[in-house]
Amino acid sequence: MKELFVILIGAMFIENFVLSKFLGICPFLGVSQKTSTALGMSGAVVFVMTLSSAATYLVNDLLLKPNDLEYLQTIAFILVIAALVQFVEIVLKKLVPPLYKALGIYLPLITTNCAVLGSALINVDPERNYSLLEAIFFGFSAGLGFTMALILFSGIRERLETCDIPESFKGMPIALIAASLVSVAFVGFAGLVIQ
Amino acid sequence: MSIIVPVAVISGLGLFFGIGLAYASKVFEVKADERVEKIKELLPGANCGACGYSGCDGFAEAIVNEGVPSNKCPVSSKEILSAISDVMGLEEGDVSQMVARVICQGTWTNADMKYVYDGIHDCHAANQLAGGMSQCYYGCIGLGSCQHACPFDAIEMINGLAHIIPEKCKGCGICVAECPKGIIKMVPVLTGYTVLCANHEKGGIAKKNCKVSCIGCMKCQKVCPNDAIMVKEFLAEIDFTKCVNCGKCAEVCPQSTIHDAMHERFPYEPQPQEAKI
């Protein structure tokens, strides 16, 4: 249990994917204008990250490692994630239409998201030496960390909408500055060591 | 030899996923109503939202699943609408294409300013301040809110008056909803002569407010051979179902308020008369 808690805190705060690893910046800036769309996107990310962590871990363990093909991880994982997301989409459409509607456009959008690929690659890092369960939990926690960052930031951006911002900073520039400030705040977690 | 294993692994994975996905898409196939696809192709695809649905896709689904009449799409031509009705196997509704028309000629030269407006460049904002800066309370404010709202780029602002370019107007009605003064009206596409004024003030006041306002003199009502014109509350109104576009009303109008708006695009501006000595 303790190991899982360490992974949760680590993935959410200390190595938050968006704010300290700078993965998944594209959806972070793209869909953070409204909290409702941010929630939809985050839901899809948590879902896909958890599933892809399991699938890529198994592919790595059963196929790549025995053949000494670790250098193929990136390309193999892209393949696995893309196929998995497609498959999940087809299945959801048939079996769980409400969930399919809720995730909507975001599910296919994150097929090639670097945060998803990043979590798969970090999972199989030999230094971490995760078991399958730990790897899945890491993927899930990283998704939660992404959710937290996205919702925090969408709150800030909703406030920015009504602020009096200098003309040249309106829109994306002020969003980038705000993002960097949030990121600086998360540097504070970098020194946290949990054993 | 060493290159064969990685190539085999990756292509094997690819093949496996490819076959797996193809198989899954067969097993988990969701039967979509093919009529939705057909209607989607027929609709203009501009996603203007004038039908009240999220876009052409949403509208196509609503036609099939909820039985919404296809003529809610104001953009489609008559042929397209009847083609959609054919797909649905229904009688076509009463479809007539409409275009938007600004019923005002109150340019900044025709209607004087009450005050100098220096605020946000938006008609709604200006409308909050005593109904806009134009002398005429009913007329065009001229800050172009309709122009910004138009998805087809069919509105241009000239000298503080909105103009709808008839060739570009698709009749989606977005500008009608946008105008705070309500002076954009949907008219049948073949309508020519229109009363280009919305001022309900009595003649004297209306004339003071704007050089080309309707003063309710009844001349057009009397001259109309088809009884298509009625003056209500000091403002002439043309019943487009009766109007035959003869143009007699425009000839007698002392204020140059009635124009063939289909062919004359620019507002009439009376030339300054020489001072009488």
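A note on names: the letters A, B, ... follow the listed sequences, proteins ahead of strands, and every chain is numbered from 1. Both backbone and side-chain heavy atoms feed into the values below; hydrogens, waters and symmetry mates do not.
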Heavy-atom count around [X] [atom1] within 6.0 Å, excluding the residue itself: above 12?
{"X": "B/Lys38", "atom1": "NZ", "result": "no"}
{"X": "A/Lys170", "atom1": "NZ", "result": "yes"}
{"X": "B/Asp153", "atom1": "CG", "result": "no"}
{"X": "A/Phe140", "atom1": "CZ", "result": "no"}
{"X": "B/Tyr117", "atom1": "OH", "result": "yes"}
{"X": "B/Phe152", "atom1": "CZ", "result": "yes"}
{"X": "B/Lys40", "atom1": "NZ", "result": "yes"}
{"X": "B/Ile120", "atom1": "CD1", "result": "no"}

Need one label for A/Ile90: side chain, backbone, both or neither, based on atoms under 4.5 Å from any heavy atom in chain B. both
Using non-hydrogen atoms and a 4.5 Å limit, figure out which bit of A/Leu95 sits close to chain B: side chain, backbone, both or neither.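 Contact with chain B is through the side chain of A/Leu95 alone.
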Positions in residues 64-81 of chain A that reach chain B, provided some heavy atom is under 4.5 Å away: A/Leu64, A/Asn67, A/Leu69, A/Tyr71, A/Leu72, A/Ile75, A/Ala76, A/Leu79, A/Val80
Residue by residue, which of residues 20-29 of chain B have a heavy atom closer than 4.5 Å to a heavy atom belonging to chain A?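 Listed by number, the contacting residues are B/Leu21, B/Ala24, B/Ser25, B/Phe28, B/Glu29.
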